[in-house]
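Letters A, B, ... are given to chains in the order of the sequence lines, protein chains preceding strands, and every chain is numbered from 1. The analysis underlying the following values was restricted to heavy atoms, covering all of them including side chains, and did not include hydrogens, waters or symmetry mates. Values in this document were obtained by computation on a predicted structure and should not be read as measured data.
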2 protein chains.
Amino acid sequence: MVKLSPIVACGTCPIRHNAVCAKCDAEELVILEQAKSYKTLPAGSRLAEAGETLSYFSTIIEGCATISRTLEDGRRQTVGLLLPSDFIGRPGRATSPFDVEALTEVKLCRFERTTFEQLVTDTPHIATRLLTMTLDELDAARDWAVVLGRMTAREKVAAFLVSLARRQAGARGTATAGGRAVVHLPLSREAMSDHLGLTIETTSRQMTALRKDGLIETPTKREIHIPDFDALAFEAAEDDDGGPIV
Amino acid sequence: MVKLSPIVACGTCPIRHNAVCAKCDAEELVILEQAKSYKTLPAGSRLAEAGETLSYFSTIIEGCATISRTLEDGRRQTVGLLLPSDFIGRPGRATSPFDVEALTEVKLCRFERTTFEQLVTDTPHIATRLLTMTLDELDAARDWAVVLGRMTAREKVAAFLVSLARRQAGARGTATAGGRAVVHLPLSREAMSDHLGLTIETTSRQMTALRKDGLIETPTKREIHIPDFDALAFEAAEDDDGGPIV
DNA sequence: CGCGCGCATTGATCGAGATCGACAGGCAAG
DNA sequence: CTTGCCTGTCGATCTCGATCAATGCGCGCG
């Protein structure tokens, strides 16, 4: 029986593989090994284009990418942020209705889409694993809709930093609640604003305001220190369930 | 082999069942028949409360419900709209991070959650079916994030009416594109505003503005006629893929 | 009937965030 | 070094949607 723990270490990749693991199911690994390849792409690469057929599904090993849509008049909204261990691909679907774009250089562990699909068909319990991942993404997307629909600019920025801190802390296995936290911003102010539904000026102003209020420190533009994590989380107007938001 | 078509007619319910069908897999039906029950609940009923354990998963047969979150200070954001044939339940999870509330009287076809979970475990290809549904929900949630993040009040209202018209037309099997369309609003102005991330006043004003511009007609408050569907869709600033948005 | 109540609409005003403009710092090319 | 470009920050002003408030309207009920 395959393990369904959220992070599955694999002999080859340092990061979880979302479907298979050498330790639990050798046969599945064989199927995917022959279709697996590593690839590094520079910042700005289109990992997927809305409507275009994907050749590969991938796990992000390093770097950061966004899922976004651009309207005809240029307005852009990011609807998802992809960090290491996140999966790019929609089992059962060859295309995506959104663009996926690398914000930084990204290292990918790729699988040929058709082979991956075949694996899902042949070993149906893997669909259960993918279902769990998709439900997590759905929760995250809906959480973010609350931020987009009902929060002020200050709350949006705070919520973003808090959620990013949680995800990065989770990846490093360090704790966040209570004390200090450090966030590395893999996004430009523009990319942040696209995610928050704000302009870059407003995002910039809110960052300055949070700094002046002592809620964050900015040694460099891309590095954020959070002296009191709970205080920043309070600014984000979080409700009862303190789960991750991005 | 179970059919994976989007609508699966069942001998008992008039609406698709998302997992089983008498015509394709008798054994699965037996498992669920013993756990199946019909229930009608009045408007305002809580079908699920954030964090509370669900006893049943359900398919909506008639009526309308929302998936929403309420912040401590009272701000509310609807993150999903449930119409007939939609499914309430998260396979593999006993709780939901959001509230599900009936906006109108709803007729449900319910399954005991534990029995349903057992069915998913025992017949793994059903997980594939559920994965497809969840990916659709994810797309819809992200589509709506674009509306919440980057659209004006007028565009939000237009986008909502257009998406509702598409869903209702799809349920009735009537065409929309090109000509007239009729929408029945199952929501109050307040519920609409919660969904759109607006206040009721702004929603109301935009409705009158659309009426004065001849884009909609409002014989009653809950009935909307769309004389030129494409013209309204244009107001919604739709981009390339004209898929459903809610 | 009149009354109260809930929902929707409309008006007047306010303010948060967008917009427009200017400037500073970093950095690569010349 | 200067020049140009890109990103980020900050100021001034405008505007869209929120807020506060009043009115209309349908409906059940005493």
Side-chain angles (χ1 to χ4, degrees), chain A residues 42-44 64 71 73-77 103-104 147-161 183-213 216-224 235-237, chain B residues 42-44 64 66 71 73-77 103-104 147-161 183-213 216-224 235 237:
Chain A
C64 174
L71 303 181
D73 59 8
R75 285 179 285 181
R76 176 181 311 200
Q77 177 65 47
L103 289 183
T104 64
V147 174
L148 290 175
R150 287 299 179 201
M151 293 206 178
T152 63
R154 183 184 176 97
E155 289 169 334
K156 285 180 177 181
V157 173
F160 175 71
L161 294 176
V183 188
H184 175 74
L185 280 186
L187 324 85
S188 66
R189 293 289 185 272
E190 185 185 13
M192 256 182 83
S193 309
D194 285 343
H195 193 43
L196 298 169
L198 298 171
T199 59
I200 48 175
E201 295 95 329
T202 300
T203 303
S204 181
R205 275 184 246 271
Q206 296 304 328
M207 293 283 286
T208 328
L210 290 176
R211 178 163 40 76
K212 286 188 175 161
D213 292 349
I216 60 173
E217 298 153 12
T218 54
T220 72
K221 295 191 198 313
R222 292 295 187 104
E223 194 159 347
I224 312 288
E235 291 292 325
Chain B
C64 174
T66 56
L71 303 182
D73 58 8
R75 284 179 288 180
R76 175 181 312 199
Q77 177 66 47
L103 288 183
T104 65
V147 174
L148 290 175
R150 288 298 178 201
M151 293 206 178
T152 64
R154 183 185 177 97
E155 288 169 334
K156 284 180 177 180
V157 172
F160 174 71
L161 293 175
V183 188
H184 175 72
L185 280 186
L187 327 86
S188 66
R189 293 290 185 272
E190 186 185 11
M192 257 181 83
S193 309
D194 285 343
H195 193 42
L196 298 170
L198 299 171
T199 59
I200 47 175
E201 294 95 329
T202 300
T203 304
S204 181
R205 274 185 250 272
Q206 297 304 328
M207 292 284 286
T208 40
L210 289 176
R211 178 162 41 76
K212 285 184 177 163
D213 292 349
I216 60 173
E217 297 154 13
T218 54
T220 72
K221 297 190 196 313
R222 293 295 188 104
E223 194 157 348
I224 312 288
E235 291 293 324

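In B/Glu223, the CD atom is crowded: over 12 heavy atoms of neighbouring residues, nucleotides or ligands sit closer than 6.0 Å. Counted within 6.0 Å of CD on B/Glu190, heavy atoms from surrounding residues, nucleotides or ligands total 12 or fewer; the atom is thus considered open.
Across all strands shown, B/Ile200 has no heavy atoms under 4.0 Å from either base or sugar-phosphate atoms.
Under 4.0 angstrom from either OP1 or OP2 of C/dA18 there lies at least one side-chain N or O belonging to A/Thr199. Using a 4.0 Å cut-off, no side-chain N or O of B/Ser204 falls inside it from OP1 or OP2 of C/dT10.
Between B/Leu103 atom CG and C/dG6 atom P the separation is 18 Å, expressed in whole Å. B/Met207 places its CE atom 12 Å from the C1' atom of C/dT9, with the value rounded to the nearest Å. In this structure, A/Leu148 places its CG atom 17 Å from C1' of C/dA16, rounding to the nearest Å. If you measure from atom CG of B/Leu198 to atom C1' of D/dA18, you get 10 Å, rounded to the nearest angstrom. Taking atom CG of A/Asp194 as the reference point, atom P of D/dG8 lies 12 Å away to the nearest angstrom. Rounded to whole Å, the distance from CD on B/Glu190 to P on C/dG6 is 12 Å. Distance, B/Asp73 CG to D/dA18 C1': 14 Å, rounded to whole Å. Taking atom CE of residue A/Met151 and atom C1' of nucleotide C/dA16, one finds them 16 Å apart after rounding to whole Å.
At distances below 3.5 Å, at least one donor-acceptor pair connects side-chain atoms of B/Arg150 with backbone N or O atoms of A/Arg76. Here the side chain of A/Ser188 pairs a donor or acceptor atom with the backbone of A/Ala191 at under 3.5 angstrom. Looking at B/Glu217, its side chain never comes within 3.5 Å of a backbone N or O of B/Arg211 through a donor-acceptor pair.
Mapped onto DNA chain C by nearest heavy atom, A/Ala153 and B/Arg211 fall at different nucleotides, with B/Arg211 at the one closer to the 5' end. If A/Arg189 and A/Arg150 are placed on DNA chain D by their nearest nucleotide, the residue sitting closer to the 5' end is A/Arg189.
Taking only side-chain atoms of A/Thr152, from C-beta outward, the nucleotide of C/dG17, D/dG8, D/dT19 with the closest atom is C/dG17. Listed candidates were D/dG17, C/dT10, C/dG17. Nearest to the side chain of B/Thr202 is D/dG17. Distances from the side chain of B/Glu201 to the nucleotides C/dT19, C/dG17, D/dT19 place D/dT19 closest. The listed nucleotides are D/dT9, C/dA8, C/dT10; the one nearest the side chain of B/Lys221 is C/dA8.
For D/dT19, the base has a donor-acceptor partner in the side chain of B/Arg205 [N/O atoms by modelled type, under 3.5 angstrom]. A donor-acceptor contact under 3.5 Å is not formed by the side chain of B/Gln206 with the base of D/dC16.
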